[in-house]
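Note sheet for the following structure.
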2 protein chains.
Amino acid sequence: MTDRLPPLTALRAFDAAARHMSFAKAAAELNITPAALSFQIKSLEEHLGQPVFRRLNRAVELTEAGRTLAPGAADGFATLTTAWRNTRRLQDNTTLTVTAGPAFTAKWLAPRLYDFAQDHPEIELRLSASLRIMDFTRDEIDVAIRFGYGPDDGLFSQRLADEWMTPVMTPELAKQVKTPLDLAEITLLHDDSIRFLKPSCDWAAWFKAVDVNVDSSHGPRFSQADHAIDAALTGTGAVLARISLSHKELYDGRLVAPFATALTTKAHFRFICPKGAETRPQIKAFLVWIMKEAEKTRSFEEGRNFIASEDIQG
Amino acid sequence: MTDRLPPLTALRAFDAAARHMSFAKAAAELNITPAALSFQIKSLEEHLGQPVFRRLNRAVELTEAGRTLAPGAADGFATLTTAWRNTRRLQDNTTLTVTAGPAFTAKWLAPRLYDFAQDHPEIELRLSASLRIMDFTRDEIDVAIRFGYGPDDGLFSQRLADEWMTPVMTPELAKQVKTPLDLAEITLLHDDSIRFLKPSCDWAAWFKAVDVNVDSSHGPRFSQADHAIDAALTGTGAVLARISLSHKELYDGRLVAPFATALTTKAHFRFICPKGAETRPQIKAFLVWIMKEAEKTRSFEEGRNFIASEDIQG
DNA sequence: CATTTCACATAAGTATAACTTAACTCATGC
DNA sequence: GCATGAGTTAAGTTATACTTATGTGAAATG
């Protein structure tokens, strides 16, 4: 009565047979003859002490034991296959898969993609926009860009930029807005994507920071930061925008940030990859490039009156 | 550049070596000589195209490739081992592991355990009380008893008893309670564990059913049904109890249900096991026994005035 | 109703992967 | 300076995995 695993080839043969529900197809998948596969199954059944397949005339069906074993076997081999493929992928220094949130992808990465391609024509950059936390072991991801607090234990983590927020709008709209109080007369766009931040960084906090009393509860709300900025780009209203996401638009002059007062947050963007992976050529190249780009964002910090969001509520 | 798996024995050798961080210990685990294990690792590295271990003088450490592969390999083999063990367990007809919620375990299964042991001394029954939905493939569970709506697709499912609810209390307390209105004078105990039921089955619903106006918002609240019943057993107050959980106490006379009006729900208790497993001797015996016991509960249905909870709100 | 066909089982033999024993390397520690 | 510990390598053996060839039984075919 050993609980140790049976011969692994037999288990793999069973997995293939159970997935195809056919010995012949399973044998084809494994590049062996049906006879060999038949023996493997038989061997497995001897180890188990009972059959896993019921042999019908022109088909096979799983016994209860087979049904018990099949899902776990499929799952186990799928895990092994994925891990193996991801390990092999390390040798591929021509592609780099980066995951980031939809907003950062749209407003930060995508506009700079061309720059990166110019600097590193040998690297094929793939973007995977998702809020889901990716698993480097399971998903085919090399690098993640994440916004929040950290720390990321067991991973290589590099702080890219502190985040701060200030009202932005189109230059046309800005003509109507000379003082913070004037914001009460125009539409306020709300970015709900950062509601998870502990000292909240919304319009209410900003108005407190400039010490004016404006009801900021009205106006459209956006669950994704980039949509709020897109709305502001149409001239609809002003949005309290994260600098990292609006930097490109500010630089190009399509948006302006007329007020010096900015809210700082403890959250920041981080570059994350598995420990040790930061030395792989394409990851190193990407890190160097993104750090350089993040540094450029600092130009807008000049002349700002920074107020920490955590100092406001007290 | 094949993405097919390397020799599985080599992968398993790597898994053991990575877990122990020692070739010698890994070899001991696999009952092979260190030399054999060394070859396995070498073979894996040849298949991969790069080393997975860095050989130091008196130790080994994982390379980046090794670190990428190790978690997936460990996970994969753990899955396979679990699946295999669970399949082997099918041949064990002497134990039976049943999972149910804490309340059902405490108030229904536990008091009847002795009966089952009397009927089936050859079966060792194990109870696993947990609200967590168990996975028959992963956890060492044969049978689950679940309360709710179903359906349970892909599983064998047998409805055990419809659930209905009526006020219960100690006989002493019941002397003070002649009409539903009298309930306003005593403490009402609230069972919050069934708040997930769609037409709610709380005191408010029951008072509506008997058409009296009593404020039922006060009184202690219990997140677990058995705790509410335990409180009622001390004479603290009355609880709107699920019949299945209070049946034993009603039968023994420690609680009474003075009112005919009862709320029926669409939820019910179900016996669940993997499809086909219902024919295994100990599972079949348990099913027959639990059905018989559930049938006994029906004796309290006589003379009740059943009102469906979904008819009340309208 | 005989015949073909399909899907798997079995027998016998072979290739190869897995393993063992034994000798080797090379730093570490007493 | 010699034993020790951890891993490597070489040579040879065993057992596993696989192949070819043939067998079986029931369903499909015409």
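By convention in this document, chain letters (A, B, ...) are assigned in the order of the sequence lines, proteins followed by strands, and residues within each chain are numbered from 1.
- Residue order along DNA chain C, read from the 5' end via each residue's closest nucleotide, puts A/Met21 first among A/Met21 and B/Pro7.
- Ring geometry for A/Phe53 versus A/Phe14: interplanar angle of 30 to 60°, hence tilted.
- Taking the centre of each ring, B/Phe269 and B/Phe104 come in below the 6.0 Å mark.
- Less than 4.0 Å separates DNA chain D from at least one heavy atom of each of the following residues of residues 37-44 of chain B: B/Ser38, B/Phe39, B/Lys42.
- Remark: A/Lys284 NZ is loosely packed, at most 12 non-hydrogen atoms of other residues, nucleotides or ligands lying under 6.0 Å away.
- Residues A/Glu29 and A/His20 have side chains that bring a donor and an acceptor to within less than 3.5 angstrom of each other.
- B/Arg54 has its CZ atom 15 Å from the P atom of D/dG7, to the nearest Å.
- At whole-Å resolution of the value, CZ in A/Arg55 and C1' in C/dC6 are 16 Å apart.
- Taking atom CD of A/Glu46 as the reference point, atom C1' of D/dT16 lies 13 Å away to the nearest angstrom.
- Under the 3.5 Å distance criterion, with hydrogens and angles disregarded, no donor-acceptor pair is assigned to the side chains of A/Glu124 and A/Thr94.
- Classification of A/Arg280 and A/Asp142 as a salt-bridged pair holds, one side-chain N sitting under 4.0 Å from a carboxylate O.
- For the pair B/Leu30 CG and C/dA17 P, the computed distance is 19 Å after rounding to whole Å.
- A/Thr9 comes within 4.0 angstrom of sugar-phosphate atoms only, judged by non-hydrogen atoms across all strands, and of no base.
- B/Gln50 CD to B/Thr63 OG1: the interatomic distance, rounded to the nearest 0.5 Å, is 6.0 Å.
- When the C1' atom of C/dC8 is taken as reference, atom CD of A/Glu61 falls 15 Å away, rounded to whole Å.
- In this entry the distance linking CZ of B/Arg12 with C1' of D/dT16 reads 13 Å, nearest Å.
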Could you list all N or O pairs between the protein and nucleotides 13-15 of chain D that sit under 3.5 Å apart?
none

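- Remark: A/Ile141 CD1 to A/Arg126 CZ distance equals 10.5 Å, nearest 0.5 Å.
- Rounding to the nearest 0.5 Å gives a distance of 5.5 Å between CZ of A/Phe286 and CG of A/Leu109.
- Look at NZ on B/Lys25: it is 9 Å from P on D/dG7, rounded to the nearest Å.
- In the set C/dC8, C/dT20, D/dT8, C/dC8 carries the atom at the smallest distance from any side-chain atom of A/Phe23.
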Atom pairs under 3.5 Å: protein N/O with N/O of nucleotides 21-26 of chain D:
unit_1: D/dA26; atom_1: O3'; unit_2: A/Asn57; atom_2: ND2; d: 2.7

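- Rounding to the nearest 0.5 angstrom, the gap separating the CD atom in A/Gln40 from the CD atom in A/Glu45 is 12.0 Å.
- The CZ atom of B/Arg85 sits 13.0 Å away from atom CG of B/Leu90, with the distance rounded to the nearest 0.5 Å.
- Closest to the side chain of B/Ala36, out of C/dC19, C/dA18, D/dT8, is C/dC19.
- Interatomic distance, CD1 of B/Ile32 versus CZ of B/Arg12, reported as 8.0 Å (0.5 Å rounding).
- For B/Leu8 and D/dC18, the CG to C1' distance is 16 Å, given to the nearest whole Å.
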